[in-house]
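One structure is given below, encoded as structure tokens.
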Amino acid sequence: MPYNHSHTAQIALNLAHRTDLPVLSQVAIRFANTAAKWADRYKSRQKLGTMTPEQMKDIGITKYEAYHESRKSFWRE
């Protein structure tokens, strides 16, 4: 499952690539964005592990796909 950036996350990514910001600011923005992405993945994968078959069907994934995704580490895409 690819990560979909929220509007706020996209703004932060754009900020991180501005060359007029100090390098440390760029690094801090990228770090914060990565930490937020990892937290989102962790929460999403935890929820996948507790979904009912009906909920999985609603979002268009199989039990195997949900299990496989829920077992991934938060840092893996």
Side-chain angles (χ1 to χ4, degrees):
M1 279 187 196
Y3 178 72
N4 296 322
H5 292 288
S6 68
H7 181 68
T8 306
Q10 192 60 49
I11 291 170
L13 280 177
N14 292 339
L15 274 175
H17 291 97
R18 283 183 39 190
T19 56
D20 60 329
L21 289 176
V23 173
L24 188 55
S25 295
Q26 294 175 30
V27 170
I29 292 168
R30 288 181 186 169
F31 177 79
N33 190 57
T34 299
K37 182 181 358 178
W38 286 354
D40 287 346
R41 282 187 195 152
Y42 179 80
K43 290 177 198 170
S44 296
R45 289 175 180 168
Q46 291 297 309
K47 288 179 184 175
L48 275 176
T50 63
M51 284 184 157
T52 65
E54 293 79 21
Q55 291 170 321
M56 289 180 222
K57 185 177 178 183
D58 284 345
I59 63 171
I61 62 172
T62 65
K63 185 176 181 177
Y64 173 78
E65 291 169 327
Y67 175 78
H68 180 70
E69 188 68 25
S70 71
R71 302 295 297 163
K72 282 185 184 179
S73 301
F74 62 88
W75 61 85
R76 291 183 51 213
E77 277 194 43

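Just so you know, residue 1 is the first one in the sequence shown, and it goes up from there.
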Measuring from atom [atom1] of [X] to atom [atom2] of [Y], what distance do you get when rounded to the nearest 0.5 angstrom?
{"X": "I59", "Y": "M51", "atom1": "CD1", "atom2": "CE", "value": "4.0 Å"}
{"X": "L48", "Y": "R71", "atom1": "CG", "atom2": "CZ", "value": "12.5 Å"}
{"X": "L24", "Y": "I29", "atom1": "CG", "atom2": "CD1", "value": "10.0 Å"}

If I compare all heavy atoms of [X] with all of [Y], which pair ends up nearest, and what's the gap?
{"X": "W75", "Y": "W38", "value": "CA-NE1, 3.6 Å"}
{"X": "G60", "Y": "E65", "value": "O-OE1, 4.2 Å"}
{"X": "L21", "Y": "Q26", "value": "O-NE2, 2.9 Å"}
{"X": "Q55", "Y": "T50", "value": "OE1-O, 4.4 Å"}
{"X": "G49", "Y": "S70", "value": "N-CB, 3.9 Å"}

> Hey, is K72 close enough to E69 for a salt bridge, meaning N to O under 4.0 Å?
Replying inline: yes
>> Main chain of R76, side chain of S73: is a donor-acceptor contact present, judged purely on distance under 3.5 Å?
In response: no
